[in-house]
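Order of listing sets the numbers, starting from 1, for every ligand and every atom in it.
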Amino acid sequence: MKFSKKRTLSLLVGLTLGLGAASSAYSQQSLQDVMKARGLTQKDLLAAAKTYTPTGGRDEYIAVSSGGQSGQLIIYGIPSMRILKYVAVFTPEPWQGYGFDDESKAVLEQGRINGKLLTYGDTHHPAFSETNGDYDGRYVFINDKANPRVAVVDLKDFETKQIVVNPFFKSEHGGAFVTPNTEYIMEATQYAAPYSDDFVPLSKFNEVYRGGLTYWSFDKKEGRIKKENSFVFELPPYSQDLSDAGKGPSYGWGFTNSFCSERYVGGIEKGRPPFEAGCSQKDTDFLHVTNWKKAAELVKAGKVKKEKGMYLIPMKQAIAEGLLYLIPEPKSPHGVDVTPDGTKIIVAGKLDTHVSVYSFDKIMKAIKEKNFVGKDPYGIPIIGMKTALHKQVQLGLGPLHTQMDSRKCVAYTSLYVDSQVAKWDYCEGKVLDKINIHYNIGHLVTMEGDTVDPDGKYLVSLNKLAIDRFNPVGPLHPQNHQLIDISGDKMQLLYDMPLPLGEPHYVVAIKADKLRPEIRYKSGWNSREDKRSKWRTRAGREKIVREGNRVDVYGTLIRSHITPEIIEVQEGDTVSIHLTNLERAEDETHGFAMYSHNVNLSVEPGKTVSATFKADKAGVYPYYCTEFCSALHLEMQGYLLVQPKGYKAEGGFVEGQKYTKADYEKQVKTNVDTQAVIDSVVAFITSHNYKDFPPVVALVEDATDQLGFAAEAKKKAEAFAKKGDWQNATLWAGQWWQYQVKTADLGLRAKTYLEEHGAKKIK
Ligand code: K7E
Ligand code: CUA
């Protein structure tokens with residue numbers, strides 16, 4: 001467990017070389033046996049040693065991947081490539097209760113477009129929040145290409161908090177990218193469309209259809225996008241593509257690619273050449289250069305008009321104020337990436353074998369000297385390509401995206417057509433290394449590779465096609481994320497990870513120790529609004545409140561019961577079940593599922609969530625906890641009874657089993673024996689330095705709680721016994737035992753932990 005990486009490696013290598021080391025003959029043989037049986041080479045073993053993570057081990061980096069059309073985010077560790085979580089963003093997801101509880105439904109509701117609720121998103125580019133151009137580990141943003149929206153995910157709990165809809169665009173792609181202090185989140189259009197929601201014939205394409213670039217204002221303290229402070233650059237109907245924000249010397253500026261500056265409109269069904277022909281005819285398209293800092297000042301000074309609840313900067317105003325410039329770039333470009341020092345802008349063109357490196361200094365000089373080669377049809381000044389270029393470097397076929405290394409001037413660019421990654425020097429303009437990937441790479445990511453201070457180390461290649469890489473699972477293949485070691489001079493392929501959800505476009509990777517997610521919510525927390533829920537309940541305060549046809553159930557969840565266990569309502573009532581998880585222990589989530597009402601909740605420790613539904617059919621509806629939370633999890637259950645209109649109550653509870661004094665005494669004996677086991681475990685724990693182990697301290701805290709509950713149940717049992725009510729006495733004695741079992745379970749977990757982590761005896 002405590003072996004250093006070096007030590008583990010030398011151990012492995014030593015064993016495989018097997019130079020007559022008779023003393024370790026057994027393990028030597030077994031490792032070679034495995035190699036032989038599985039057909040593994042020395043190189044494979046080395047790669048395995050670089051990625052294999054023993055049980056309980058952690059990853060150095062956490063990757064946040066777009067989930068493509070799944071509308072989610074995928075979280076995985078690097079270098080282990082183990083998937084840790086899917087985060088529901090634009091799409092309902094039952095495990096997280098997302099889109100099922102009222103609180104998260106309200107988030108999805110924010111994303112309605114034209115009154116329609118959308119239950120998917122086409123996610124492309126996740127972006128971490130930044131402070132001084134470096135990841136600060138607080139938020140992640142993700143865009144939806146199909147329905148121009150941006151979502152905010154808080155890394156405190158990896159939950160989606162907000163979705164904003166772009167009121168001008170009908171499609172987007174160049175987002176989410178953040179400015180160096182997360183002042184703004186960039187979002188550029190893809191397919192031009194009218195800003196209004198009206199019908200506009202294609203004959204008016206040049207005059208009325210528009211592209212655009214939104215700078216969404218972000219309030220870092222509150223963790224929310226502020227639409228009312230955000231602004232949009234009106235842009236020509238070119239297909240704007242990716243964006244990146246300037247940093248260092250280029251701070252205050254943004255860069256946005258485009259293709260189809262031909263403004264071609266297809267019509268293949270009418271015999272016109274298709275979009276793809278008309279959109280790739282010219283030799284160059286345009287890089288849009290925008291001055292967001294100056295734009296923000298204009299907005300602040302009240303010089304920009306508001307429309308649809310945000311600021312819209314018309315092209316005329318942007319040109320007059322010197323906020324907007326164009327620079328030709330080789331045809332059909334895709335990625336645009338600013339170098340860590342902010343001095344250069346790297347543009348890769350799908351249909352050009354070169355990567356173009358623009359110099360920010362040269363761009364500024366041209367602007368200062370008004371050195372323009374002309375204007376586009378909308379009057380935007382054009383800076384000459386040669387004027388702005390630092391270098392063009394021939395890399396290979398289909399260069400798309402670029403990421404940076406920790407080494408100065410070193411970058412990695414994906415080559416889609418060549419199915420390769422090129423490592424190259426953007427200062428000198430020379431290729432350093434190439435590696436084959438499988439197959440057709442889109443984006444790639446290096447560790448913290450788009451910050452001012454990249455870590456390098458690993459690169460993940462996001463491949464579009466997997467073809468023959470994995471066991472076949474039908475015509476729809478998983479994606480293939482390939483892990484590459486870039487720490488040496490030569491790139492080394494380490495691992496293939498099938499990603500079984502959506503087509504992820506981009507991934508960002510952050511140093512794991514920058515993240516400090518919470519392990520529980522403050523008690524009674526509405527996690528989507530980040531405040532105490534008005535529906536929260538404390539233990540013993542559970543209640544059912546009726547007001548006309550509305551019934552509010554204030555309930556709680558704790559191992560292993562749901563309070564209330566019986567809910568009686570009348571046909572036609574609107575029922576709202578509000579559940580608070582009372583647990584303080586780590587990883588004690590309870591679920592709540594109920595027959596036939598599409599009610600399915602996830603209630604993490606401390607959280608309060610609600611499910612509102614119409615009880616429109618009389619009947620019996622069992623509900624239960626969906627998370628295997630303790631040995632008595634299956635008993636964590638209850639009934640919703642929907643009584644027919646005019647129903648008159650008959651009878652009370654029917655006892656299935658009658659208990660006697662003997663039953664009570666038998667149960668008490670069991671409890672006394674159980675207490676002895678608990679005492680021995682407690683003695684073990686307290687005789688060790690358990691306080692040096694925070695996970696054990698948390699377990700002990702939880703166990704103490706459970707013992708407290710046991711004591712309460714014991715009191716009840718004894719009170720009933722005194723009255724000779726053996727029925728209730730026996731049942732409460734049983735409940736007393738249930739809490740003991742939970743205590744013992746926690747205690748044993750703590751004991752195992754101490755044994756496995758070499759705890760020392762202290763007395
Ligand atoms: Cu290249 Cu949406 Cu960034 Cu796909 S995008 S690859
Ligand atoms: Cu709570 Cu199972």
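When atom 2 (Cu) of ligand 2 is compared with the N/O/S atoms of E627, atom O turns out nearest. Looking at H633 and atom 2 (Cu) of ligand 2 together, the shortest N, O or S contact belongs to ND1.
Aromatic ring pairs are classed by plane angle as parallel below 30°, tilted from 30° to 60° and perpendicular above 60°; the pair F275 and Y264 is perpendicular. Note on ring orientation: taking the six-membered ring where Trp is involved, the planes of Y61 and Y458 are perpendicular (angle over 60°, cut-offs 30° and 60°).
For ligand 1, the atoms lying closer than 4.0 Å to a non-hydrogen atom of H125 are 2 (Cu), 3 (Cu), 5 (S). Those atoms of ligand 1 with a heavy atom of K464 less than 4.0 angstrom away are 4 (Cu), 6 (S). Every atom of ligand 1 is numbered from 1 in the order shown, and the set under 4.0 Å from a heavy atom of L242 is 3 (Cu).
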Before you tell me yes or no, could you show the steps for H481 and S65 under side-chain contact (heavy atoms from CB on, under 4.5 Å), namely the whole-Å CA-CA distance, both residues' side-chain angles and the distance that decides it to 0.1 Å? CA-CA 10 Å; H481 284 197; S65 173; 3.8 Å; yes
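Within a 6.0 Å sphere centred on OH of Y595, heavy atoms belonging to other residues, nucleotides or ligands number 12 at most.
Under 2.8 Å from atom 2 (Cu) of ligand 2 lies an N/O/S atom of C629, whether from backbone or side chain. Not one N, O or S atom of H401 sits under 2.8 Å from atom 3 (Cu) of ligand 1. Note on H173: not counted as a metal contact of atom 3 (Cu) of ligand 1, no N/O/S atom lying under 2.8 Å.
Under the 4.0 Å criterion applied to side-chain N and carboxylate O atoms, R520 and E604 are not assigned as salt-bridge partners. Salt bridge present: K464 and E503 bring a charged side-chain N and a carboxylate O closer than 4.0 Å. Taking the charged nitrogens against the carboxylate oxygens, K607 and E159 do have a contact shorter than 4.0 Å, which makes a salt bridge.
When the heavy-atom distances from atom 5 (S) of ligand 1 to H334, E503, K145 are ranked, the shortest goes to H334.
Scanning the protein heavy atoms around atom 4 (Cu) of ligand 1, the nearest turns out to be H505 ND1, 2.0 Å.
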